[in-house]
There are 2 protein chains.
Amino acid sequence: MAVRGSYAKGIAKRDEILTTALEVIAKIGYRRTSLRELAAAVGLSQTGLLHYFGTKEDLFIEVLRRRDEVDMDAYGIQLNDNDVIRGILDVVRHNTDVPGLMHLYTQFSAEASEETHPAHGYFQERATFFQRTVADAIKAQQAAGQLPDSLDAGHIALMLQVSIDGLQSQWLMDNSLDMAAHLSRLWDALVRA
Amino acid sequence: MAVRGSYAKGIAKRDEILTTALEVIAKIGYRRTSLRELAAAVGLSQTGLLHYFGTKEDLFIEVLRRRDEVDMDAYGIQLNDNDVIRGILDVVRHNTDVPGLMHLYTQFSAEASEETHPAHGYFQERATFFQRTVADAIKAQQAAGQLPDSLDAGHIALMLQVSIDGLQSQWLMDNSLDMAAHLSRLWDALVRA
DNA sequence: GTCTATATTGGGATAGAC
DNA sequence: GTCTATCCCAATATAGAC
């Protein structure tokens, strides 16, 4: 039952690979990140890399998952606090520092719309989770009398999600766009009773 | 100097190819539409097809352009009338009938964020055009006293564009989503003074 | 667990005949 | 203007040694 050294080492290595992958992709983007290049960046052969993740797609899904975790830790997107939009804006602002990750997310999400795509489930779950979390936080603020009861929390949560996706896609085209400013104004409009 | 028959025929053929391509892509989507398949669908060899468009990317850009034209004709997105959101909602509703085209748009737009991508210019121009057109229409409605003067037409136009993009991306994942309903509510929130 | 080397696939592009 | 045939390339995936 004891977790043996080799097993623990495998976990650690996976971890290390993901961390590096995140950095590399953040910089050079998804399109230019082939398995070969990623392997080189983490100091492994392509086969060595694939040994840990099986396929390219699975690797990138893990990268996205890891990124979600990191962001949750760093920007407190548990959203159980009473200032929903604050954490969201923080992440959106942060994202301009990691354009490659936005690109990976956007590109992958476009590809994953086919039901057979390995990342389809990831994006579905992520959307569900985001919307539920945000909606719950809004409801909590409503219960606390900080937001009008008349608001439709589900609708607002959805609009935040799709707006963020759209803003990011637009930002990638034209990075003079102030995503946070627009999102903040959107929030104001949505929560006006 | 006279435009000869062969030239006119070339134009006509191009036109015919685009029309067919639109239908094919609408049905089977972008991912599954390789040059080979498209060529087969239009009854031409791959080389014959490329003779008219040069590269795959150029062909798809033309497909998207053609689609914009068709939609403008069909749904009156000139938007010079005094009901901006109406035409937009019509197009959004129509789009659920052509999922493959939404997919092409979404996927290509993700790819085109790189400045070197041949479609980069197309998406930039399209965004600019859409936003300017919508903003102008909003301003016209403001001038006519149909909308509050306090509204920021540019901001609203941008939010409509990114929301539509985001909704479409989300719809491709889960086509039970009622894009038009959400967009309509968004509009209501945005134009509330 | 990691490597080298190779297979395989899925396109897009090009040459050259008709 | 259109075809057949071929080339070429980029990637991922796999076999098998160490």
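Heavy atoms only: backbone and side chains are in, while hydrogens, waters and symmetry mates are out. Every chain is numbered from 1, with letters handed out A, B, ... down the list of sequences.
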Worksheet entry | Between P of C:dA13 and CG of B:Leu49, the distance in whole Å | 11 Å

Item to complete: Assess the side chains of A:Gln168 and A:Asn95: does a donor N or O sit below 3.5 Å from an acceptor N or O?
Response: yes

Worksheet item: Can you tell if the side chain of B:Ile61 reaches within under 4.5 Å of the side chain of B:Phe53, non-hydrogen atoms only?
Response: no

Worksheet item: Parallel, tilted or perpendicular for B:Tyr75 and B:His94, by the 30°/60° rule?
Response: tilted

Worksheet item: Can you tell me how far C1' of C:dG12 sits from CD of B:Glu57, to the nearest Å?
Response: 10 Å

Worksheet, complete the sentence: Whichever of A:Ser34 and A:Thr47 has the more 5' nearest nucleotide on DNA chain D, that residue is A:Ser34

Worksheet entry | Whole-Å gap separating P (D:dT6) and CD (B:Gln46) | 15 Å

Practice prompt. Select one nucleotide: of C:dT4, C:dG1, C:dG12, the one nearest the side-chain heavy atoms of A:His51.
Written response: C:dG1

Worksheet item: Tell me: CG of B:Leu50 to P of D:dC3, nearest whole Å?
Response: 12 Å

Worksheet, complete the sentence: Result for 5'-nearest mapping on DNA chain C, choosing between A:Gly48 and A:Arg36, is A:Gly48

Fill in: Distance in angstrom units between B:Arg31 CZ and C:dT9 P, rounded
17 Å

Discussion item. Counting C-beta onward and ignoring hydrogens, is there a side-chain heavy-atom pair between A:Trp171 and A:Pro99 closer than 4.5 Å?
Written reply: yes

Discussion item. Rounding to an integer number of Å, can you tell me how far A:Ile17 CD1 sits from C:dG1 P?
Written reply: 11 Å

Response to the item:
B:Leu38 atom CG is separated from C:dG10 atom C1', nearest whole Å, by 16 Å

Worksheet item: Once you round it to whole Å, what is the distance between P of C:dG10 and OH of B:Tyr30?
Response: 17 Å

